[in-house]
Amino acid sequence: MLDRKFIRKAPDTVREGIKKKGVEFDIDGFLELDDRMRSLIHEVEKLKHERNVSSEKISACKKEKKNCDDLLAAMKKTSNRIKEIDVEVKDIGERLDELELDIPNMPHETVPYGTCPDHNVHVKHWGEVEDLPFEPEPHWDIGEKLGILDMGGGSRLSGRGFVVLRGAGALLSRALVSFMLDLHIEQGYEELSVPYMVSRDCMIGTGQLPKLEEDMYFCEKDDLFLIPTAEVPVTNLLRETIIDAGELPIKYTSFTPCFRREAGSYGQETKGLIRVHQFDKVEMVKFVRPEDSYEELESLLGDATVVLEKLQIPYRVIELCSMDLSFAAAKCYDIETYAPGVQRWLEVSSCSNFEDFQSRRANIRFRREKCGKPELLHTLNGSGLALPRVIATILELNQTPTGKVRIPEVLVPYMGGREYLEA
RNA sequence: GGAGAGGUGGCCGAGCGGCUGAAGGCAUCCGCCUGCUAAGCGGUUGUGGGGAUAAAACUCCACCGAGGGUUCGAAUCCCUCCCUCUCCGCCA
């Protein structure tokens, strides 16, 4: 959410930011409504002041046992008028609050302007992407042949877009999770284990709702959403709190499954492990001072890319252009790995700075000094990393002509000493 | 799921229809005092919003779990919901 005072003061800036993100929103209508509400507030507060003053008079009168019927009658009138205006203020206020949730975050000034993924900027490459000396197979074939990936099992249980890992495949997944968490803990993150179902307020707090409701799994009976990413519970853990500046930055890491309906996805996009409705992910979330957040974004990106470097997986980092940015993000880097079997770059992480967009929604603040005013802090998060695509990359990148798959060295201890996946 | 108890400021805790943004204590910060430490004395310290301002000062309004209601007036009375604790039941 944006600062309402900022919208009032700089509507042109907001209009421009919204346009850069490719979002439609009627700022003028919003401001008109806001103006109307403020003039009503002005009026009703004057009346309330009147009420407070005459309430005192009545009280004094009663004490002296004097008759004050005319005062009471006048107060009744004022009171009724107050009630009327209050209802209108509340109504307009609710409409404004609702509208406000649809205003996206502004892209940071360093974000390249662009209207489609082609305008994203490659900012870094690491490792050599070499052609394999044989025809590489896609991960779903490799996985099925090794008996570690059971696509049919997943769809039999839950339909299209669900997978079953078995044996060494399940172990590989678990090994990756442990490896990543251990690494992030070393990097200074505190590990959290959090609920996988959260309230509507949490989903609004981090900006998934109201925009993306169609993409979320929802348990109607309990009014709970299955989390689409650990970002939601972990960021909201500090909702409605005020943190001492000395505690910042706060860094959390958490492993959770993620649930996404992926409405509208189709074809190649959804084959194998590339886009599934339920996947595992290790996430990093940071709460930082506003002045540090861009530096913290770079270090977050570093914390994520180290994972790939240790796994010896080549990657590239892409800075998203304005229209490719998510609703809540001010700036975002995607990390992609090359999967030779499907001959595609796969997004395995998104590292974003939300500035105070989420913290304003979730009311997460900090205090610079003991008696200072609370200020909104900045939130960031990044995957470190999303499991299925990393597994797909490992299978395709480390495949051998004989069908075996080499396990990255750092994972071997987590795999009980095993160095290859083989049938 | 059933029965009871309770939710008041940074914390503890009073208030149960008007002068209570809220006693008292603890804590905070500032000053004074005392060789040091401890204590003592005086003062200070909530959040959100509107107006005002270059920014403040200032001023007004709201806020005692949340939302409604009664009333001229609600922390206080009534209703609904949420949360916490205790006991019972049920279940991994």
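A straight line from CG of Asp3(A) to P of G49(B) spans 8 Å, rounded to a whole angstrom. At whole-Å resolution of the value, CG in Leu71(A) and C1' in G73(B) are 12 Å apart. With rounding to whole Å, Ile82(A) atom CD1 is found 16 Å from C60(B) atom P. Atoms CD1 (Ile92(A)) and P (G50(B)) sit 15 Å apart, rounded to a whole Å. Rounding to whole angstrom units, CG of residue Asp244(A) and P of C29(B) are separated by 12 Å. Here the C1' atom of nucleotide G67(B) and the CG atom of Asp86(A) are 14 Å apart, to the nearest Å. One interatomic measurement links the two molecules: NZ of Lys373(A) to C1' of A56(B), which rounds to 13 Å at whole-angstrom precision. Across the protein-nucleic acid pair, Asp222(A) atom CG and C82(B) atom C1' stand 14 Å apart, rounded to whole Å.
Nucleotide G21(B): unpaired (no Watson-Crick or G-U wobble partner with both distances less than 3.5 Å). For C87(B), the paired nucleotide is G2(B), the pair qualifying as Watson-Crick or G-U wobble because both relevant distances are below 3.5 Å. Nucleotide G9(B) forms no Watson-Crick or G-U wobble pair with any nucleotide shown, as no partner meets the under 3.5 Å limit on both distances. Under the Watson-Crick or G-U wobble criterion, with both distances below 3.5 Å, A54(B) is left unpaired in every strand shown.
If you check the side chains of Thr229(A) and Lys281(A), you find a donor sitting under 3.5 Å from an acceptor. No side-chain donor from either of Asn398(A) and Tyr420(A) sits under 3.5 Å from a side-chain acceptor of the other. Inspection of the Tyr333(A) and Glu298(A) side chains reveals an N or O donor paired with an N or O acceptor under 3.5 Å.
Residue whose closest nucleotide on RNA chain B sits further toward the 5' end, between Ala73(A) and Ile242(A): Ile242(A).
Separation of the Tyr252(A) and Tyr189(A) ring centroids does not fall under the 6.0 Å cut-off. Taking the ring centroids of Phe287(A) and His378(A), they lie at or beyond the 6.0 Å cut-off.
The separation of C58(B) from A52(B), taken at their C1' atoms, amounts to 8 Å, rounded to a whole angstrom. Distance check on atom P: C16(B) versus G69(B) gives 26 Å, rounded to whole Å. The same atom, P, is picked in A55(B) and in U44(B); the two are 28 Å apart, to the nearest Å. With C1' as the reference atom, C64(B) and A74(B) are 11 Å apart, rounded to whole Å.
Nucleic acid contact class of Lys77(A) (heavy atoms, under 4.0 Å, all strands): none. In this structure, Arg365(A) reaches the sugar-phosphate backbone alone: every heavy-atom distance under 4.0 Å involves primed, P, OP1 or OP2 atoms, never a base.
Only Glu45(A), Lys48(A), His49(A), Arg51(A), Asn52(A), Ser55(A), listed by number, bring a heavy atom of residues 44-57 of chain A to less than 4.0 angstrom from any atom of RNA chain B.
We find that Arg8(A) and Asp3(A) are not joined by a salt bridge, their nearest charged nitrogen and carboxylate oxygen being 4.0 Å or further apart.
Of all the heavy atoms in Ile364(A) and Thr235(A), the pair that sits closest is CD1-O, 3.6 Å.
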Step-by-step side chain to side chain donor-acceptor pair (under 3.5 Å) determination, Lys286(A) to Ser299(A): CA-CA 11 Å; Lys286(A) 299 211 260 191; Ser299(A) 79; 2.7 Å; yes
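Other residues, nucleotides and ligands contribute more than 12 heavy atoms inside 6.0 Å of the CD atom of Glu247(A).
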Enumerate the protein-to-nucleotides 51-54 of chain B contacts in which both atoms are nitrogen or oxygen and the separation is below 3.5 Å.
unit_1: G51(B); atom_1: OP1; unit_2: Arg38(A); atom_2: NH1; d: 2.9

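For Arg360(A) and G48(B), the shortest distance from a side-chain N or O to OP1 or OP2 is not below 4.0 Å.
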